[in-house]
Amino acid sequence: MPNVILTAGPVVDLASPAWALADAIGLQAVSAGNVFREHVQQQTPLGEEAKRYMQAGHLVPDELTVRAIADVLANVDGGWVLYNFPRRVRQAELLTQGGHVPDAVIELVLSEDQLRLAIHRRVERQIALDPQQAERRQELLLMYSHSQENYQEQVKPLRAYYRTHGLLRTVSGFGDFEDVAARLIPIVSDGQHRP
């Protein structure tokens, strides 16, 4: 069974296509954020250690983050879809050193027009949930635009790392999650994930 990493900028939904892909092919979807939340909620030793860093206003060290993810991946029966992680080259290297090597790394991308539309939709959804946010519409649009720009800068080294290893593929992240998953399924299931 293949092991897949899915990555995308902050306005692209990763969770829904990741779960749809996992269901379609029989993989286990793994979210780094969920793994950490469970450790913290269950007050595991790893969760308590991570909480100390967070309470002190520090980033959780890559080694600790990867250890939490690696524990989950090691217990997966069959293949996995890890989404929204790793975010840095060091994390990718640590995953590989721990024996968790992806067969494919797929980045969901948007064109400039699609990105503007996705940002607009994200802000409108936020306002629909909390109408008081309407007065902040312009500020929210700028915030999401900046977060996307920051992502593009931060992800360059990670893209280069996976491209060097022949693993990086790009797929349009535009549309409903079913459409996105439909683009992912053939890439992962037809044996093209290994160059």
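Leu73 and Phe36 fall into different hydrophobic clusters, where Ile, Leu, Val, Met, Phe, Trp and Tyr residues are linked whenever their side-chain heavy atoms come under 4.5 Å apart, directly or through other members. Criterion: ILVMFWY side-chain heavy atoms under 4.5 Å apart, direct or through other members. Under it, Leu108 and Leu117 are part of a common hydrophobic cluster.
Between Glu124 and Arg137, some side-chain heavy-atom pair lies under the 4.5 Å cut-off. Under the 4.5 Å side-chain criterion, counting only non-hydrogen atoms from C-beta, Pro102 is not in contact with Leu82. Counting only heavy atoms from C-beta outward, the side chains of Ile106 and Val4 approach each other to under 4.5 Å. Side-chain contact between Trp80 and Ile69: absent, with no pair of heavy atoms (C-beta onward) separated by less than 4.5 Å. Side-chain atoms of Phe85 and Ile5, non-hydrogen and from C-beta on, never get closer than 4.5 Å to each other. Two residues are said to be in side-chain contact when any heavy atoms from C-beta on lie closer than 4.5 Å; Val81 and Gln28 fail this criterion.
Looking at Asp103, its side chain does come within 3.5 Å of a backbone N or O of Asn3 through a donor-acceptor pair.
Annotation for Arg87: atom CZ does not count as buried by contact number, only 12 or fewer foreign heavy atoms lying within 6.0 Å. In Asp77, the CG atom is not crowded: 12 or fewer heavy atoms of neighbouring residues, nucleotides or ligands sit closer than 6.0 Å.
When only modelled atom types and interatomic distance are considered, Arg159 and Gln152 share a side-chain donor-acceptor pair under 3.5 Å.
Legend: ring-ring contact (aromatic ring centres under 6.0 Å, His included) pairs involving residues 135-162, not counting sequence neighbours, sorted by first then second residue: Tyr161-His165.
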